[in-house]
Amino acid sequence: MRLNSKQGVKPAPPTNAVQMAQSANYAFDMPSAARIPRARPQTGKSRVWQELTSSQQVHPQGDRVSNDYRASHCAPGYGAHYNKTHESGYYGALWEKIEKPLILDVLRPMGGAGRKCLDFACGTGRIANVAAGLFGEVVGADISRPMLDCAQVPPNVRLRHIDMTREPLGETFDVVTAFRFFLNAEDQLKSDALKAINEHLKDGGRLVCNVHMNATSPVGLVCRLLNRLSGRTMRHTLSTTTFKELLTASGFRVEEMIPYGYLPRPGNLLPGVCGALIEPFEKVSRTLRIPGQLAQHFLVVAKKR
């Protein structure tokens, strides 16, 4: 995947994993993201935020419903469950073979030794670790102590235990990342988070985020059907159209939406098969120009207006 530049900056040469995504832009008919300049290291201390607990069952795959996003993600043991989810099976293969190379390709032109990145709702630090190799300074902020306790980050990443929707960090950033957050957050929390992110971005700064259950994907359609039949929300879904409207209303201009993850996730079934098939399935889907609306995930690049 290569993003076309509006600023005339030559993008980094593609890798094999990245080449799979080169045709992604056709799917959502969005203008390409403008790109920027590259990276280096510092540390800091976490700030205390009131610890929350939850009696609700922990769902490490992160797309089941919680009555309170803050509480569910602060549940004891959540960080360990979350990390285990991404070590193997569908999500492990998706991360290593599809998602991580894609994130690197998108963030690399935005990085640089003198540039700062905020990883909002950083969790156990997966995205913060990726950003650490591209930006001079990275701050990871999260309300969940169990998640932050599981994070292992390099010296140029500062972890902050804070609810940014209620207390500002007191600094601004060139780029903000927010992964596996917006799908599960309540509507008000989505709006509050986007407002906080916008306020922490420098003028012209960019938000890079994702949604991991596209409402129009095969699994998303099944989830919506089950929600309707049960009369309640059993699994969250979010469409590109709805999310774009939310971003626009929150002071962002969507520059690009990139679909990925065409192999439907079969829950906990056949983890070995998922690991073996996910990359070739992605390549075939892009070769055949399967509509991006059928991908289970999508990544968004949005610029602060």
Side-chain angles (χ1 to χ4, degrees), residues 1 3-4 6 21-34 61-66 69 94 98-99 102-103 106 120-121 165 176-198 201 205-265 282 285-286 288-305:
M1 190 276 313
L3 301 180
N4 296 326
K6 291 183 179 178
Q22 283 182 335
S23 62
N25 300 340
Y26 73 89
F28 298 127
D29 193 27
M30 290 285 171
S32 297
Q61 289 174 345
D63 51 4
R64 298 253 180 118
V65 167
S66 167
Y69 179 93
L94 180 78
I98 310 297
E99 198 167 37
L102 177 60
I103 294 168
V106 169
F120 179 88
T165 66
V176 175
T177 57
F179 278 73
R180 297 183 67 85
F181 170 79
F182 290 107
L183 175 70
N184 298 316
E186 309 92 88
D187 289 345
Q188 186 59 54
L189 181 55
K190 286 185 181 74
S191 297
D192 292 345
L194 284 171
K195 181 176 183 290
I197 288 170
N198 193 287
L201 273 171
R206 285 177 174 81
L207 167 64
V208 179
C209 58
N210 83 325
V211 168
H212 56 286
M213 184 60 77
N214 179 11
T216 59
S217 68
V219 177
L221 291 171
V222 170
C223 290
R224 289 164 62 193
L225 177 62
L226 291 175
N227 291 344
R228 177 167 293 189
L229 292 175
S230 67
R232 62 188 179 91
T233 303
M234 298 176 65
R235 295 250 183 191
H236 290 296
T237 65
L238 189 57
S239 71
T240 57
T241 301
T242 299
F243 194 44
K244 183 186 177 186
E245 290 173 352
L246 178 60
L247 286 163
T248 302
S250 301
F252 291 91
R253 176 171 60 84
V254 176
E255 294 184 314
E256 191 156 22
M257 286 188 163
I258 305 169
Y260 67 96
Y262 283 86
L263 180 67
R265 177 175 65 82
E282 194 85 357
S285 297
R286 298 194 182 284
L288 298 177
R289 299 180 68 82
I290 301 299
Q293 284 82 358
L294 297 179
Q296 187 169 321
H297 313 257
F298 57 91
L299 181 147
V300 180
V301 179
K303 184 177 181 179
K304 176 178 178 175
R305 294 202 307 267

Requested in this report: Mind checking side chain to side chain donor-acceptor pair (under 3.5 Å) for Asp192 and listing every partner two or more places apart, or none if nothing turns up?
Outcome: Gln188
Query - Note, Val300 side chain near Leu207 side chain (heavy atom, < 4.5 Å) - result: no
Requested in this report: Kindly indicate whether the side chain of Asn184, heavy atoms from C-beta on, has any atom under 4.5 Å from the side chain of His212.
Outcome: yes
Requested in this report: Looking only at non-hydrogen atoms, find the nearest pair between Gly251 and Asn198 and report the distance.
Outcome: O-ND2, 3.1 Å
Requested in this report: Could you give me the CA-CA distance, side-chain angles and deciding distance for Lys304 and Arg206, then say whether side chain to side chain contact (heavy atoms under 4.5 Å, CB included) is met?
Outcome: CA-CA 6 Å; Lys304 176 178 178 175; Arg206 285 177 174 81; over 6 Å; no
Requested in this report: Compare every heavy atom of Ala196 with every heavy atom of Thr165, then report the nearest pair and how far apart it is.
Outcome: CA-CB, 4.3 Å
**Report entry** salt bridge (Lys or Arg N to Asp or Glu O under 4.0 Å) involving Lys190 - partner list, sequence neighbours excluded
**Finding:** Asp187
Requested in this report: Could I get the full list of ring-ring contact (aromatic ring centres under 6.0 Å, His included) partners for Phe182, not counting sequence neighbours?
Outcome: Phe243
Query raised in the report: What is the minimum heavy-atom distance between Asn214 and Gly292, and which atoms define it?
Result: ND2-O, 3.9 Å
Query - Which residues share a side chain to side chain donor-acceptor pair (under 3.5 Å) with Ser217, sequence neighbours left out - result: none
Query raised in the report: Would you find a donor on one side and an acceptor on the other, under 3.5 Å apart, between the side chain of Gln296 and the backbone of Val219?
Result: no
**Report entry** Evaluation steps, side chain to side chain contact (heavy atoms under 4.5 Å, CB included), between Leu94 and His297
**Finding:** CA-CA 10 Å; Leu94 180 78; His297 313 257; 3.5 Å; yes
Report task. Could you tell me whether the side chain of Asn227 and the main chain of Arg235 form a donor-acceptor pair under 3.5 Å? Result -> yes
Report task. Using ring-ring contact (aromatic ring centres under 6.0 Å, His included) as the criterion, list what pairs up with Phe181, not counting sequence neighbours. Result -> Tyr69, Phe120
Query - Heavy-atom check, side chain of Val106 versus side chain of Ile258, under 4.5 Å - result: yes
Query - Distance (rounded to the nearest 0.5 Å) between Gln293 CD and Phe298 CZ - result: 10.5 Å
Query raised in the report: Looking at Arg180 and Asn210, what are the two nearest heavy atoms and their distance?
Result: N-OD1, 2.7 Å
Report task. Please answer whether the main-chain N or O of Gly261 pairs with a side-chain N or O of Glu282 as donor and acceptor at a distance below 3.5 Å. Result -> yes
**Report entry** Verdict with reasoning, Phe252 to Leu201, per side chain to side chain contact (heavy atoms under 4.5 Å, CB included)
**Finding:** CA-CA 11 Å; Phe252 291 91; Leu201 273 171; 3.7 Å; yes
Requested in this report: Output the distance between atom CG (Leu194) and atom CG (Leu189), rounded to the nearest 0.5 Å.
Outcome: 9.5 Å
Query raised in the report: Out of curiosity, Thr241 OG1 to Leu246 CG, how far, rounded to the nearest 0.5 Å?
Result: 12.5 Å
Query raised in the report: When rounded to the nearest 0.5 angstrom, what is the spacing between OH in Tyr260 and CD1 in Ile98?
Result: 10.0 Å
Query raised in the report: Is the shortest heavy-atom distance from the side chain of Phe179 to the side chain of Leu299 under 4.5 Å?
Result: yes
Query raised in the report: How close do Ile290 and Leu294 get, heavy atom to heavy atom, and via which atoms?
Result: CG2-CD1, 3.7 Å
Report summary line: Between Thr237 and Cys223 the two heavy atoms that sit nearest each other are CG2-CB, 3.8 Å
Query raised in the report: Is there a donor-acceptor contact under 3.5 Å from the side chain of Arg224 to the main chain of Ala215?
Result: yes
Query raised in the report: Taking only residues two or more places apart in sequence, or in another chain, which ones meet Thr242 in a side chain to side chain donor-acceptor pair (under 3.5 Å)?
Result: Ser239
Query raised in the report: What residues form a side-chain contact (heavy atoms from CB on, under 4.5 Å) with Arg305, not counting sequence neighbours?
Result: Thr248, Arg253
